[in-house]
J.: 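One structure follows; several queries about it will come next.
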Amino acid sequence: MRDLIIARLEELKEKENGFSKFGTMRWMNVFAEINGKVKHISEVEWCELDDETLLVVFERVIRRYNAQM
């Protein structure tokens with residue numbers, strides 16, 4: 001399941017031009033807390049996340065991707 005989530009995140013990242021924080025309002029304010037540090041979604045390395053954090057980030061990306069802008 002983990003591999004499927006990472007593959008889907010990579011697919012969305014490619015489709016959305018790397019979740020650019022400068023390109024669109026959709027991804028500008030999407031951050032994740034990883035090991036006590038806040039990172040923009042474009043800077044997150046999916047493979048370094050534990051299962052729980054990966055799921056939270058995935059849910060946030062899916063919600064934002066499907067939101068009408």
Side-chain angles (χ1 to χ4, degrees):
M1 184 57 86
R2 180 178 176 83
D3 293 335
L4 293 173
I5 290 173
I6 291 172
R8 181 66 175 140
L9 284 168
E10 283 298 322
E11 179 184 324
L12 290 172
K13 189 173 184 177
E14 183 178 323
K15 186 182 254 186
E16 292 294 314
N17 298 320
F19 299 131
S20 175
K21 56 184 158 186
F22 305 111
T24 64
M25 290 292 295
R26 180 177 303 251
W27 303 110
M28 184 180 293
N29 295 316
V30 180
F31 296 91
E33 185 174 335
I34 290 110
N35 299 326
K37 296 180 182 177
V38 177
K39 290 185 173 183
H40 186 264
I41 197 71
S42 64
E43 301 167 346
V44 174
E45 293 293 329
W46 318 122
C47 297
E48 295 176 358
L49 303 177
D50 60 46
D51 291 343
E52 186 175 334
T53 306
L54 179 64
L55 182 58
V56 169
V57 169
F58 178 68
E59 289 173 339
R60 176 174 270 168
V61 168
I62 292 299
R63 273 189 252 120
R64 182 62 80 149
Y65 179 75
N66 288 315
Q68 288 184 329
M69 299 302 274

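Numbers here are sequence positions counted from 1. We use all heavy atoms of the structure for the numbers below, so side chains are in, but hydrogens, waters and symmetry mates are not.
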J.: On a heavy-atom basis, which atom in Gly18 and which in Ser42 lie closest, and how many Å separate them?
T.: O-CB, 3.2 Å
J.: My understanding is that only residues two or more places apart in sequence, or in another chain, count here; which of them pass side-chain hydrogen bond (donor to acceptor under 3.5 Å, both in side chains) with Glu11?
T.: Arg8
J.: Do Phe19 and Leu12 have side-chain heavy atoms sitting under 4.5 Å apart?
T.: yes
J.: Tell me the closest heavy-atom pair linking Arg64 and Arg26, and the distance in Å.
T.: O-NH1, 2.9 Å
J.: Residues two or more places apart in sequence or in another chain: which of them pass ring pair (Phe, Tyr, Trp, His ring centres under 6.0 Å) with Tyr65?
T.: none
J.: Applying side chain to side chain contact (heavy atoms under 4.5 Å, CB included), can you list everything that pairs with Glu33, at least two apart in sequence or on another chain?
T.: none
J.: Can you pull the ring-ring contact (aromatic ring centres under 6.0 Å, His included) pairs that have at least one residue in residues 39-60, sequence neighbours excluded?
T.: Phe31-His40
J.: Hydrophobic clusters here meaning ILVMFWY residues chained together by side-chain heavy-atom distances under 4.5 Å, can you tell me if Met1 and Ile6 are in one?
T.: yes
J.: CD1/Ile5 to CD1/Ile62 distance, rounded to the nearest 0.5 angstrom?
T.: 9.5 Å
J.: Please report the interatomic distance OG(Ser20) to CD1(Ile41), rounded to the nearest 0.5 Å.
T.: 13.0 Å
J.: Partners of Arg2 by salt bridge (Lys or Arg N to Asp or Glu O under 4.0 Å), sequence neighbours excluded?
T.: Asp51
J.: With Lys39, which residues qualify under salt bridge (Lys or Arg N to Asp or Glu O under 4.0 Å), at least two apart?
T.: none
J.: Linking I/L/V/M/F/W/Y whenever their side-chain heavy atoms sit closer than 4.5 Å, directly or via other members, would Leu4 and Val61 fall into one cluster?
T.: yes
J.: Taking atom CG of Asn66 as the centre, does the number of heavy atoms from other residues, nucleotides or ligands within less than 6.0 Å exceed 12?
T.: yes
J.: For Thr53, what residues pass the side chain to side chain contact (heavy atoms under 4.5 Å, CB included) criterion, not counting sequence neighbours?
T.: Ile34, Leu49, Asp50, Val57
J.: Given side chains that start at C-beta, do those of Val56 and Arg60 come closer than 4.5 Å, heavy atoms only?
T.: no
J.: Can you list everything that forms a salt bridge (Lys or Arg N to Asp or Glu O under 4.0 Å) with Glu43? Sequence neighbours excluded, please.
T.: Lys21
